[in-house]
Novice: 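First the structure, which I've put down as structure tokens, then a few questions once you've had a look.
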Amino acid sequence: MQEERLYSVRMRAAKGGPHEQGGKHISGGEMLSTYENMRQAVNHLLDKALTHSKGNPDFVQIQFDAIDEPIKQIDPLLIRKNEVESVEAGQALVRELLEQAGIKREVIDKAYKQLAEHSDMRGAILVDVHSGERIDDRREKGVRVSRMDWWNANFEQWANHFNEPSYSRVKEALVLATKVSAHPATIAELCWSDDPEYITGYVASKALGYQRISHLKEYGDEQGCRLFFVDGSNDMDDYIFFLEKQPVFIHWDEV
Ligand code: PML
Ligand code: MG
């Protein structure tokens with residue numbers, strides 16, 4: 001597919017110093033770019049870092065590195081929209097969907113406890129579906145899914161077709177959810193934003209698709225969630241390598 005050399009472009013922003021020195025996570029971003037479009041990609045990520053409603057960062061890092069491996073192309077997960085009236089109704093639907101994905105109630109309860117214990121995560125928490133225990137050893141850093149993107153022109157076609165606003169927030173969430181669910185060790189993902197002005201989130205899996213839920217927390221709440229329910233009997237080093245390093249492009253074909 002892609003002939004030209006591509007680069008992974010990444011941003012992370014924090015307030016009160018860099019993340020590793022205890023700074024509060026403000027924002028992160030992932031893109032793929034050609035060399036020619038690098039300025040545009042860096043500007044996009046810089047803009048994202050400078051305008052986040054969690055506050056103005058005093059530490060921002062933007063880096064790029066060349067991709068030498070073949071890039072995997074994946075179809076976006078099917079999107080389903082669930083309108084709910086309250087956080088309670090949204091969270092009840094989360095449980096229903098996770099149970100549909102085959103996750104036991106006790107495991108879901110344990111996973112929520114993990115969330116409560118880690119309030120300033122910048123990556124994802126990995127929870128084993130057999131034990132309900134957290135199985136990554138990344139503490140507040142979590143696992144950061146990286147090296148992925150969706151060309152805007154194709155995303156806009158998709159958005160048009162599904163009557164979605166073509167917001168980059170939706171694109172980025174769907175890119176990440178699609179990459180994560182493409183690995184057979186992922187049973188489901190649960191996510192909502194740490195942005196105090198954004199209350200929509202989702203449950204995703206290959207079988208469920210991208211189940212957007214309109215209301216998963218209250219406005220003003222900066223407690224986000226990114227949790228992967230994983231079949232821990234797989235090789236977790238391979239799994240984390242896939243999440244962090246396997247380059248992936250999302251591409252939608254109108255059928
Ligand atoms: C985020 O902003 O960090 C996650 C947003 C998830 C939901 C995006 C959507 O509206 O589909
Ligand atoms: Mg965010």
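Fair warning: this is a prediction, and the values are worked out from it, not measured in the lab. Along the sequence shown, the residues carry numbers beginning at 1. First listed ligand is number 1; within each ligand, the first listed atom is number 1.
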Novice: Classify the ring geometry of Tyr239 against His183: parallel below 30°, tilted from 30° to 60°, perpendicular beyond 60°.
Specialist: perpendicular
Novice: So is there a nitrogen or oxygen of Arg226 less than 3.5 Å from a nitrogen or oxygen in ligand 1?
Specialist: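 Not met; the criterion fails.
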Novice: Side chains of Ser146 and Arg10: any donor to acceptor distance under 3.5 Å?
Specialist: yes
Novice: Checking the N or O distance criterion of under 3.5 Å, is ligand 1 in contact with Ser193?
Specialist: yes
Novice: So, are Lys245 and Glu69 salt-bridged, with charged N and O less than 4.0 Å apart?
Specialist: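 The answer is no: the pair does not qualify as a salt bridge.
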Novice: Looking at ligand 1, would Tyr210 count as a contact under a 4.0 Å heavy-atom criterion?
Specialist: yes
Novice: Are Trp150 and Trp252 an aromatic pair by the rule of ring centers under 6.0 Å?
Specialist: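 Between Trp252 and Trp150, which both carry aromatic rings, the centre distance is not below 6.0 Å.
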Novice: Glu30 and Val145: side-chain contact (heavy atoms from CB on, under 4.5 Å), yes or no, with the steps?
Specialist: CA-CA 9 Å; Glu30 300 287 338; Val145 188; over 6 Å; no
Novice: Tell me the protein heavy atom at minimum distance from atom 10 (O) of ligand 1, and give that distance in Å.
Specialist: Tyr198 OH, 2.5 Å
Novice: If we only consider heavy atoms of Asp195, is any one of them less than 4.0 Å away from an atom in ligand 1?
Specialist: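 Distance cut 4.0 Å: Asp195 fails for ligand 1.
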Novice: Could you tell me whether Arg169 and ligand 1 have an N or O pair separated by under 3.5 Å?
Specialist: yes
